[in-house]
Amino acid sequence: MTTVLFVHGTGVREPGYTASLERVREGIAAVRPEVAVAPCYWGGSAGSDLRAGGLSVPGYGAGRAAPGAEEDGGDVEFWGLLYVDPLLELRLLASEPGGRAELAPGAVPPGEALATASLALAGDDALRGPLDAAGIGGEFAAAVAAVLTSPDGRDFLRAPAAATEADALARAFTAEAVRRTAGRAAAPPAFDGAARDAVVERIAALLPGDGAGTHRGPVTRRVGRLAGRLVLGLASAQAVKRRSALTDAAHPAAGDVLLYLARGEAIREAVAAAVAAAEPPVVVLAHSLGGIASLDLLVLRALPEVALLVTVGSQAPFLYELGALPSLEPGAPLPAHVPPWINVYDRRDLLSYLGAGIFPGRVRDVEVDGRQPFPLAHSAYWGNPELYRLLAAELP
């Protein structure tokens, strides 16, 4: 029986790894139910850690709270802004010329029917499936309440725009649910952009008003002008005051990479042990740094039980081009014993690279589109049905 060995990437710890493993199991079971999926969790035993409790970080321990958390390319980048500030579009719509108006005594706000319908969304059976597919079902009701009761949400519902901009409210609910879900996860969730869009479409269909969104073009231009200010805010001097929190957020991912490049044997041995324990033929499905470690292992050691290597969002070709791949000198070819290799990448994942030009005839690059902006694009693969359709055809 074929075994898929799921090797995680940098910065992943429990319970995040188990959540990702179950997502992979579900995806493979849907297309190849006879295939077993086995774990290879190296983060707990071989991953990086602040072994002296952060003594090397100035001021560590003070203020540990984390900081606030082409084709349709503009749409994807727009979602990137909404993930940072889910109320941004509503705020801009309400503040447009003529967008906010004083109501006469006893007048019904334009958004009253919209608010009433919004409160009923969580109970809609037809919406439950898309919400769960997008991974935000658990936080959706709280997200709706948070948007509707926020000052920006209330201003929007009082504005004339509310009568024609139900889709803007749908995006706000969805972005807030994504923000809340991501903030509670131990590892970046595998949010699928197409599933997210299906949620927005279903919400807009359930809400009264014109779902087409007559103001979308001007709003997008105004959002673009705000982007620079958002970036500057993230890079402000406040980061110095939050150094402990930033270190806690960044060190597992950055630390794993540094540790591997300096002393990577422990991670490679963890992969080798998992391969030895799996029933062959084994397919190594490896993400990010896990793909680097798996390729290095297969270069350094012949493992005939491994029938296929699938790297996902991996930097191995880039490291080789830089001369920094631990197992292979620059210019040296892949050894003949390295098994067939498929390299999966997403053009919006800035941590994914191409291998076919670097290792001609030895690796096949396959592009998928998770419809997510970076950095969510780097972990969106596990929620993308394209990946599982590819595996269904390639697994022995």
Side-chain angles (χ1 to χ4, degrees), residues 3-25 28 36-57 60-61 64 66 184-190 244 246-280 282-303 305-306 308-316 319 324-328 338-339 351 375 378-379 381-382:
T3 302
V4 171
L5 188 67
F6 178 48
V7 185
H8 66 84
T10 185
V12 175
R13 300 293 185 267
E14 289 290 15
Y17 175 73
T18 295
S20 296
L21 175 65
E22 290 308 310
R23 192 71 183 264
V24 171
R25 280 178 169 156
I28 290 179
V37 178
C40 180
Y41 173 58
W42 52 262
S45 60
S48 64
D49 193 13
L50 292 175
R51 291 174 171 80
L55 293 178
S56 62
V57 183
Y60 187 82
R64 296 176 65 92
R184 286 162 171 72
S244 294
L246 291 172
T247 299
D248 285 344
H251 91 257
D256 284 352
V257 173
L258 295 173
L259 178 62
Y260 179 76
L261 294 178
R263 287 183 291 276
E265 185 62 23
I267 296 178
R268 290 193 294 272
E269 285 303 318
V271 178
V275 169
E279 181 177 347
V282 176
V283 174
V284 175
L285 176 64
H287 182 229
S288 192
L289 178 61
I292 297 172
S294 298
L295 177 63
D296 277 336
L297 172 66
L298 294 169
V299 168
L300 295 170
R301 193 180 309 178
L303 296 177
E305 59 267 50
V306 177
L308 177 66
L309 170 65
V310 181
T311 55
V312 179
S314 179
Q315 306 82 44
L319 289 187
L325 189 67
S327 64
L328 211 56
V338 173
L351 293 175
H378 189 54
S379 52
Y381 299 97
W382 314 124

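Only a predicted model underlies this, so the values are computations on that prediction, with no experimental measurement involved.
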For Y17 against F6, the heavy-atom pair lying closest together: OH-O, 2.7 Å
Do the charged groups of D256 and R13 touch, with an N to O distance under 4.0 Å? yes
N/O donor-acceptor pair under 3.5 Å between H378 side chain and L351 backbone: no
If we ignore hydrogens and angles and just use 3.5 Å, is the side chain of T3 paired with the main-chain N or O of A36 as donor and acceptor? no
Heavy-atom pair of closest approach, residues P280 and E305: CB-CB, 4.0 Å
To the nearest 0.5 Å, tell me how far T18 OG1 sits from E22 CD. 7.0 Å
Ring geometry between H287 and W382 (parallel below 30°, tilted from 30 to 60°, perpendicular above 60°): perpendicular
4.5 Å side-chain heavy-atom contact, L298 and P339: yes
Rounding to 0.5 Å, atoms CD1 (I267) and NE2 (H8) come to a distance of 8.0 Å
Closest approach of A190 and R23, non-hydrogen atoms and distance? O-NH1, 3.5 Å
Compare every heavy atom of A272 with every heavy atom of L297, then report the nearest pair and how far apart it is. CD2-N, 3.6 Å
Spacing of L5 atom CG and L309 atom CG [to the nearest 0.5 Å]: 11.0 Å
Do R268 and Y260 have side-chain heavy atoms sitting under 4.5 Å apart? yes
Could you measure the distance from the CG atom of L319 to the CG atom of L328? Nearest 0.5 Å is fine. 11.5 Å
Heavy-atom check, side chain of L258 versus side chain of S48, under 4.5 Å: no
Could you report the tightest heavy-atom contact between A270 and W42, atom names first, then the distance? CB-CB, 3.8 Å
The reported gap from CD1 in I292 to CG in L261 (rounded to nearest 0.5 angstrom) is 7.0 Å
Provide the closest heavy-atom pair for A254 versus T10 in the form atom of the first, atom of the second, distance. N-OG1, 4.4 Å
Does a side-chain heavy-atom distance below 4.5 Å link S288 with Q315? yes
Within the 4.5 Å heavy-atom criterion, are L325 and V299 side-chain neighbours or not? no
Do S20 side-chain atoms and G16 backbone N/O form a donor-acceptor pair below 3.5 Å? yes
